[in-house]
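Here's the structure we're looking at; comments come further down.
None of these values were measured; they are calculated from a predicted model. All values below were derived from every heavy atom in this structure, side-chain atoms included, with hydrogens, water molecules and symmetry-related copies excluded. All ligand and atom numbering here is 1-based and tracks the order in the structure.
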Amino acid sequence: MATVLVTGGAGYIGSHACKLLKAAGHKPVVFDNFRTGWREAVKFGPYIEGDLLNPADLDAAFSEAQPDAVMHFAALSNVGESTQRPDLYWRNNVVGSMNLLDAMARASVNQLVFSSTCAIYGEAQTEVMTEDHPKNPINPYGASKLAMEQMIEDYCAASDLRAVTFRYFNVAGADPEGQIGEHHEPETHLVPLVLDAVAGDRAEITIFGDDYATLDGTCIRDYLHVMDLADAHVRGIDWLLEGGAPLTLHPGTGSGFSVREVIDAAAAVTNRPVPQKIGPRRAGDPPKLVSGSKEAEEKLGWKLEHSTMEQMLRDTWRWRATGLYKT
Ligand code: UDP
């Protein structure tokens, strides 16, 4: 059993990782400033309130939790917002991560599982993407994550730090047991917004551009169920605890869904119409991002168990009906 300090553990992906850490016999300790996370999502271990921008908070957390390893989720992650407020992204994501790495070094904690993103690649230059795809981020969010990756790589090279980095594609769904799920304020992600439109909580879903060079003109993304992603993270911790070398992996499904396909699937799962309209493109959106790598399966023995579009929509639909964390 290991104690894992989970930065951003009150957020969407972090809370699901805590659930599976606990199920695997580990002890998750959440470190969160609760600015975008939810106290109600901390259900699987203790929490420490603190901010990555305050090194004293980090030192206190390491001293209190005495972790064996860290999972680092805490970051700002909205592509659109990052194009308007790059300062927030560079400060919170890059400076915050540097503070974390320095606090880990002071506490002699050398094992890190890190949330990165395929946004570091920018426009796809190949039909599907593998971990060696050229990195040319086209928005400040992706640029900040690339800087974080490079920083971690340099710290690993110069010290005993070992990191497993996951470059996420898109994530959807919720805990099938309904304890936790996705809730952002404001919500910007496609799957919850589509279901809000179905439920009448918003007038319609706006499709951000239908003139991309894709089959139906809308953007294509690789959607992974949050439980499968959380499972990859627990396997990443176990890999490190067993002495594994640093890794960078794509937890993706290898299948892409267009915005229109997601909307059509939501209509089928809920058996209701989806009010929709076409809007302009959103700044910073690449037309297609789909993983083409099997390394996470090969290295970690990871298998997809929940990642059909139908299950992601069904679990999210069931989750939103609980009304949990709604303010
Ligand atoms: N999208 C959309 N309307 C919305 C929100 C998202 O058409 O109201 C599109 C967006 O342009 C992208 C896809 O849905 O192509 C997934 O966007 P999301 O924000 O969920 O994740 P991202 O791909 O930015 O990580």
> For ligand 1, which atoms have a heavy atom of C219 less than 4.0 angstrom away?
Replying inline: 15 (O)

> Is the closest heavy-atom distance from Y223 to ligand 1 below 4.0 Å?
Replying inline: yes

> Considering only the protein, which heavy-atom contact is closest to atom 20 (O) of ligand 1, and what is its distance?
Replying inline: L190 N, 2.8 Å

> How close do K19 and I180 get, heavy atom to heavy atom, and via which atoms?
Replying inline: CB-CD1, 4.2 Å

> Are the side chain of W319 and the backbone of E182 linked by a donor-acceptor contact shorter than 3.5 Å?
Replying inline: yes

> Where do V234 and H26 come nearest, in terms of heavy atoms and distance?
Replying inline: CG1-CD2, 4.4 Å

> Side chain, backbone, both or neither: which part of R282 has a heavy atom under 4.0 Å from ligand 1?
Replying inline: side chain

> What part of T206, side chain from CB on, backbone N/CA/C/O, both or neither, has a heavy atom under 4.0 Å from ligand 1?
Replying inline: backbone

> Do you know which two heavy atoms are closest between P286 and C219, and how far apart they sit?
Replying inline: O-SG, 3.7 Å

> Can you check whether F208 has an N/O within less than 3.5 Å of an N/O in ligand 1?
Replying inline: yes

> Should you measure from each heavy atom of I207, which atoms of ligand 1 turn up under 4.0 Å away?
Replying inline: 7 (O)

> Within a reach of under 6.0 Å around NZ of K27, are more than 12 heavy atoms found that belong to other residues, nucleotides or ligands?
Replying inline: no

> Starting from atom 9 (C) of ligand 1, which protein heavy atom do you reach first, and at what distance in Å?
Replying inline: V259 CG2, 3.7 Å

> Considering residues, nucleotides and ligands other than N271, do more than 12 of their heavy atoms fall under 6.0 Å from its CG?
Replying inline: no

> According to the interplanar angle, ranging from 0 to 90°, do the rings of H233 and Y168 count as parallel (below 30°), tilted (30 to 60°) or perpendicular (above 60°)?
Replying inline: perpendicular

>> Could you check whether any side-chain N or O of D57 sits under 3.5 Å from a backbone N or O of D51, counting only pairs where one atom can act as donor and the other as acceptor?
In response: yes

Can you list, pair by pair, the side-chain donor-acceptor contacts under 3.5 Å of residues 197-212, counting residues two or more places apart and other chains?
{"residue": "D201", "atom": "OD2", "partner": "R320", "partner atom": "NH2", "Å": "2.7"}
{"residue": "R202", "atom": "NH2", "partner": "D196", "partner atom": "OD2", "Å": "3.4"}
{"residue": "D211", "atom": "OD1", "partner": "R281", "partner atom": "NE", "Å": "3.0"}

> In ligand 1, which numbered atoms sit nearer than 4.0 Å to a non-hydrogen atom of H189?
Replying inline: 18 (P), 19 (O), 20 (O), 21 (O)

>> Heavy-atom pairs closer than 4.0 Å: do any link ligand 1 to the side chain of T188, the backbone, both, or neither?
In response: backbone

> At under 4.0 Å between heavy atoms, which part of F169 makes contact with ligand 1: side chain, backbone, both or neither?
Replying inline: neither

> For atom 22 (P) of ligand 1, what is the nearest protein heavy atom, given as residue, atom name and distance?
Replying inline: N170 ND2, 3.4 Å

> Nearest to atom 11 (O) of ligand 1, what protein heavy atom do you find, and at what distance?
Replying inline: D285 OD2, 2.5 Å

